[in-house]
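What follows is a single structure, written as structure tokens, with notes after it.
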Amino acid sequence: MPETLVLDRSGLASILSELRARDYLLVGPTIQQEAIGYGPIDSLDDLPQGWTNVQSPGASHLERRDDERLFGYVVGPHSWKKYLMPNEVVIWRGERTDTGFETVPPEPAPAYALFGVRPCEVAAIAVQDAVFMPTDRVYRERREAAFIVAVNCTQAGANCFCTSMGTGPAVGEDAVFDIAFTEVDRNGTLAYLVEAGSDDGAAVLQTVVGAEPASDADLAMLESVLQEAAASVTKTMDTDGIHDLMLANLRNGYWEDVGGRCLACTNCTMVCPTCFCNTVEDTMTLDGTTAERTRKWDSCFSIDFSYIHGGPLRMTPEARYRQWLTHKLATWFDQYGTSGCVGCGRCITWCPVGIDLTAEVAALRRVDARQGLSVPLPEVMA
Amino acid sequence: MAHAAAVATKPKLAVYKFASCDGCQLSLLDAEDALLDVAGAVHIANFLEASREVVPGPYDVSLVEGSITTPHDAERIKQVRAESKFLVVIGACATAGGIQALRNWKDVDSFTSIVYANPQYIETLQTSTPISYHVPVDFELRGCPISKEQLIEVVAAFLQGRRPNIPTYSVCVECKARGTACVMVGAGTPCLGPVTQAGCGALCPAYDRGCYGCFGPMESPNTEALEMWWRELGVSDRDIVDAFRSFNAWAEPFREASDRVEARLTVTGVTE
């Protein structure tokens with residue numbers, strides 16, 4: 001069991017100073033356009049102190065808290081993939097020479113310190129690690145350079161269901177991070193119970209001034225705070241046999257119902273911290289001297305994404321929704337040995353028409369084909 | 001020398017205007033540094049907005065702005081097509097009929113009789129229609145106005161013999177790519193982004209405004225689902241009709257959506 005330290009606000013701030021001294025680019029939660037997103041930070045003063053986000057399917061707004069917590073909110077529309085798997089990366093560049101062409105070496109990967117990574121997001125990064133680390137240079141370089149400071153959740157949003165997915169509200173035993181902490185009210189003052197998760201994390205914590213070891217009373221309080229947080233999660237998803245449920249219902253007429261509501265706008269996949277689909281674009285300057293291959297985020301909800309020799313495989317929104325949900329909850333296990341969903345609830349909040357995958361899974365269970373309850377699928381998808 | 005030979009055989013570019021405001025062809029002049037690259041890569045042979053000099057056709061690439069609103073233009077576009085190897089239509093007027101397609105729901109003679117002292121001299125069609133209604137087109141570049149970056153991409157792609165990188169997915173992709181929080185989810189602002197094609201870089205939502213649909217319908221627009229959610233947000237049916245009837249009013253999915261909601265207005269007896 002790693003040692004737990006108690007820091008005050010200045011102690012927490014000194015973690016940021018140390019990370020800056022180690023040349024990390026500091027990024028963390030900030031208020032952006034009526035939401036809490038992730039962006040560059042200089043100090044704790046840039047965090048959404050005293051704010052919270054109130055969410056429901058298809059809606060989110062900010063409210064003042066009656067305290068000055070730095071982390072009194074849940075995840076917003078951004079995820080850390082914007083730093084580890086950025087939307088637009090040049091993966092190859094060539095320049096014309098007198099005799100042919102030469103490739104221009106890629107820019108070195110930036111080293112980010114991700115400050116304020118929620119437990120479900122730590123789990124999401126582990127999911128993307130399984131996808132990208134073996135094969136993808138861009139992700140691997142950024143991931144190996146990154147320093148992860150996780151923060152446990154002390155409250156749930158209305159769309160959070162981490163407890164169903166086993167990813168929160170506290171970082172798990174096997175979670176991979178450098179430092180993790182919990183913001184607690186200790187005798188009327190905000191304090192931070194901190195532990196290291198890696199050698200790098202331990203080295204950074206050694207530089208912190210004013211740290212004291214947590215007492216038994218502190219540890220007992222920490223446990224009860226995290227238990228309360230878990231109890232505050234109201235949304236659930238029944239994952240029992242979910243892999244087989246999805247695959248046994250590929251031809252269920254239920255998909256037409258959700259397809260009628262789905263905008264195929266891609267928002268769920270863009271905000272999802274594990275969705276990794278991407279496309280490459282080849283471009284050349286007008287004078288023909290420079291050619292580039294750029295990788296960009298794409299989505300299984302776009303028609304072009306499944307375009308293969310002569311036509312797209314998934315013409316209808318219901319076919320695309322089915323693809324997304326069955327991949328997340330079933331075939332992801334077959335590919336990567338883990339769920340593709342971590343229960344962060346972003347796809348529920350940021351769906352412009354409030355489609356809630358936990359409600360969709362529950363609806364599918366009610367018409368499970370194996371119980372003889374399904375209606376036939378329209379011909380276009382059969 | 002290879003370089004000199006390339007200059008001598010530079011592809012010829014023409015730019016034409018039909019019923020439009022000139023904004024889209026001005027995007028080419030407004031392309032700043034890229035304009036010099038274009039001028040270096042092609043021979044701008046016919047572009048009256050930029051030069052009086054007109055080199056006769058045929059042309060390798062013709063950019064056509066504007067919609068067809070007169071019998072004369074309906075004939076002229078056939079000549080343009082005949083002279084052009086690739087015909088690329090640019091902007092909401094050329095791809096969807098433009099804002100002037102609002103006439104398609106009205107009686108044009110009643111307008112001309114009010115506006116002109118001698119309406120008998122006015123020779124106009126009852127409709128404003130996209131170029132593709134009249135001649136085959138090779139590519140439609142959306143937008144009101146078009147994006148100059150997309151224009152340069154299309155010109156480069158045709159010159160280099162490759163497919164243009166012009167995505168047909170929704171504006172939402174561009175919002176999320178630039179990190180804009182959704183204005184509809186975050187502030188309850190009605191937004192056409194989920195049913196509108198990307199290309200503008202999600203400009204309006206980045207400034208806390210809903211999308212106006214300048215780039216026309218995305219590849220699979222579910223206008224009905226969006227319309228239901230707008231009603232939840234308190235938008236009136238009249239305003240929903242008006243939102244779909246703007247620069248791309250005559251584009252089929254937007255036209256069907258506005259007709260569908262307007263039919264409900266008539267049924268319920270609500271007018272303005």
Side-chain angles (χ1 to χ4, degrees), chain A residues 31-39 53 55-62 76-78 82 86-88 259-271 279 281-288 291 294 296-299 301-305 312 315-317 320 349-355, chain B residues 6 34-42 152-153 155-157 159-160 162-165 167-191 193-196 198 205-208 218-230 232-233:
Chain A
I31 290 180
Q32 302 170 26
Q33 277 195 310
E34 310 280 325
I36 293 170
Y38 298 136
N53 43 11
Q55 303 180 334
S56 60
S60 168
H61 69 272
L62 297 181
H78 296 176
K82 74 185 256 194
N87 168 50
E88 206 170 320
R261 288 174 278 133
C262 174
L263 298 168
C265 62
T266 77
N267 274 304
C268 49
T269 57
M270 295 285 130
V271 297
T279 185
E281 278 185 8
D282 291 335
T283 54
M284 188 159 54
T285 51
L286 267 166
D287 62 6
T294 307
K296 292 181 165 182
W297 288 353
D298 202 349
S299 169
F301 283 90
S302 83
I303 289 185
D304 254 7
F305 183 74
M315 276 305 292
T316 62
R320 282 174 257 154
T349 307
W350 300 96
C351 172
V353 292
I355 295 174
Chain B
L35 178 61
L36 296 177
D37 293 338
V38 174
V42 301
I152 300 300
E153 164 61 13
V155 170
L159 295 177
Q160 293 159 359
R162 60 176 173 83
R163 184 183 173 208
N165 292 309
T168 56
Y169 48 53
S170 73
V171 172
C172 302
V173 177
E174 293 186 324
C175 257
K176 289 297 179 287
R178 69 185 285 170
T180 300
C182 180
V183 297
M184 204 150 70
V185 170
T189 304
C191 177
V195 296
T196 299
Y207 294 91
D208 299 319
M218 54 83 94
E219 56 194 13
S220 61
N222 189 344
T223 56
E224 217 164 343
L226 187 71
E227 168 205 324
M228 281 161 64
W229 199 260
W230 274 33
E232 299 264 315
L233 294 176

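Scope of the values below: all heavy atoms of this structure, side chains included, with no hydrogens, waters or symmetry mates.
- Of all non-hydrogen atoms in A:Gly259 and B:Asn222, the two that sit nearest each other are O-ND2, 3.8 Å.
- No other option in A:His61, A:Glu88, A:His78 has as many heavy-atom pairs under 4.5 Å with chain B as A:His78.
- Residues B:Val185 and A:Thr349 are in side-chain contact: their nearest non-hydrogen atoms beyond the backbone lie under 4.5 Å apart.
- Residue B:Lys176 holds its NZ atom at 6.5 Å from CH2 of A:Trp350, rounded to the nearest 0.5 Å.
- At a 4.5 Å heavy-atom cutoff, A:Asp287 makes no contact with chain B through either its backbone or its side chain.
- Of all the listed residues (B:Gly40, B:Gly186, B:Ala156), the one sharing the greatest number of non-hydrogen pairs under 4.5 Å with chain A is B:Gly186.
- Contacts between B:Ala157 and chain A at a heavy-atom distance below 4.5 Å are absent for every atom of the residue.
- Of the atoms belonging to B:Arg162, it is side-chain heavy atoms, and not backbone ones, that fall under 4.5 Å from chain A.
- Looking only at heavy-atom pairs under 4.5 Å with chain B, the residue among A:Ala59, A:Pro77, A:Ala264, A:Pro317 that has the most is A:Ala59.
- Proximity to chain A is absent for every atom of B:Pro164, based on heavy atoms less than 4.5 angstrom apart.
- Atom-to-atom distance recorded for A:Lys82:NZ and B:Arg178:CZ is 12.0 Å, nearest 0.5 angstrom.
- At least one donor-acceptor pair closer than 3.5 Å links the side chain of B:Glu219 to the backbone N or O of A:Ile303.
- Contact between A:Asn87 and B:Ala177 at its shortest, heavy atoms only, is ND2-CB, 3.3 Å.
- If you measure heavy-atom distances from B:Ala41 to chain A, the contacts under 4.5 Å come from the side chain alone.
- With a threshold of 4.5 angstrom between heavy atoms, A:Pro86 does not approach chain B through any atom at all.
- For chain A, the option among B:Val173, B:Asn165, B:Asp208, B:Val38 with the highest count of heavy-atom pairs below 4.5 Å is B:Asn165.
- Contact annotation for B:Val171: neither backbone nor side-chain heavy atoms come within less than 4.5 Å of a heavy atom of chain A.
- Between A:Cys265 and B:Ser170 the shortest heavy-atom distance is O-OG, 2.8 Å.
- You'll find the side chain of B:Pro167 stays beyond 4.5 Å of the side chain of A:Lys296, heavy atoms only.
- The minimum heavy-atom distance linking A:Gln32 with B:Gly179 is given by the pair OE1-O, 4.3 Å.
- Scanning both residues, A:Leu263 and B:Met218, for their nearest heavy atoms gives O-CE, 3.9 Å.
- For the options B:Leu159, B:Thr168, B:Thr180, heavy-atom pairs under 4.5 Å to chain A are most numerous at B:Thr180.
- When each of B:Met228, B:Glu153, B:Gln160, B:Met184 is checked for heavy-atom pairs under 4.5 Å with chain A, B:Gln160 comes out on top.
- Of the inter-residue distances, the one linking A:Leu286 atom CG with B:Leu35 atom CG reads 10.5 Å to the nearest 0.5 angstrom.
- In this structure, CZ in A:Phe301 is found 10.0 Å from OG in B:Ser220, a value given to the nearest 0.5 Å.
- For the set A:Val271, A:Thr279, A:Thr266, A:Asp298, the count of heavy-atom pairs under 4.5 angstrom toward chain B peaks at A:Thr266.
- Closest approach of B:Arg163 and A:Asp304 over heavy atoms only: NH2-OD2, 3.1 Å.
- In this structure, B:Cys182 SG and A:Gln33 CD are separated by 10.0 Å, a value rounded to the nearest 0.5 Å.
- When each of A:Gly58, A:Gly260, A:Gly354, A:Ser302 is scored by its heavy-atom pairs under 4.5 Å with chain B, the top score falls to A:Gly58.
- No part of A:Phe305 comes within reach of chain B, as not one of its non-hydrogen atoms sits under 4.5 angstrom from that chain.
- Interface residue A:Asp282: only backbone heavy atoms are found under 4.5 Å from chain B.
- For chain B, the option among A:Met284, A:Met270, A:Glu34 with the highest count of heavy-atom pairs below 4.5 Å is A:Met284.
- With a 4.5 angstrom heavy-atom cutoff, B:Glu232 does not touch chain A via any of its atoms.
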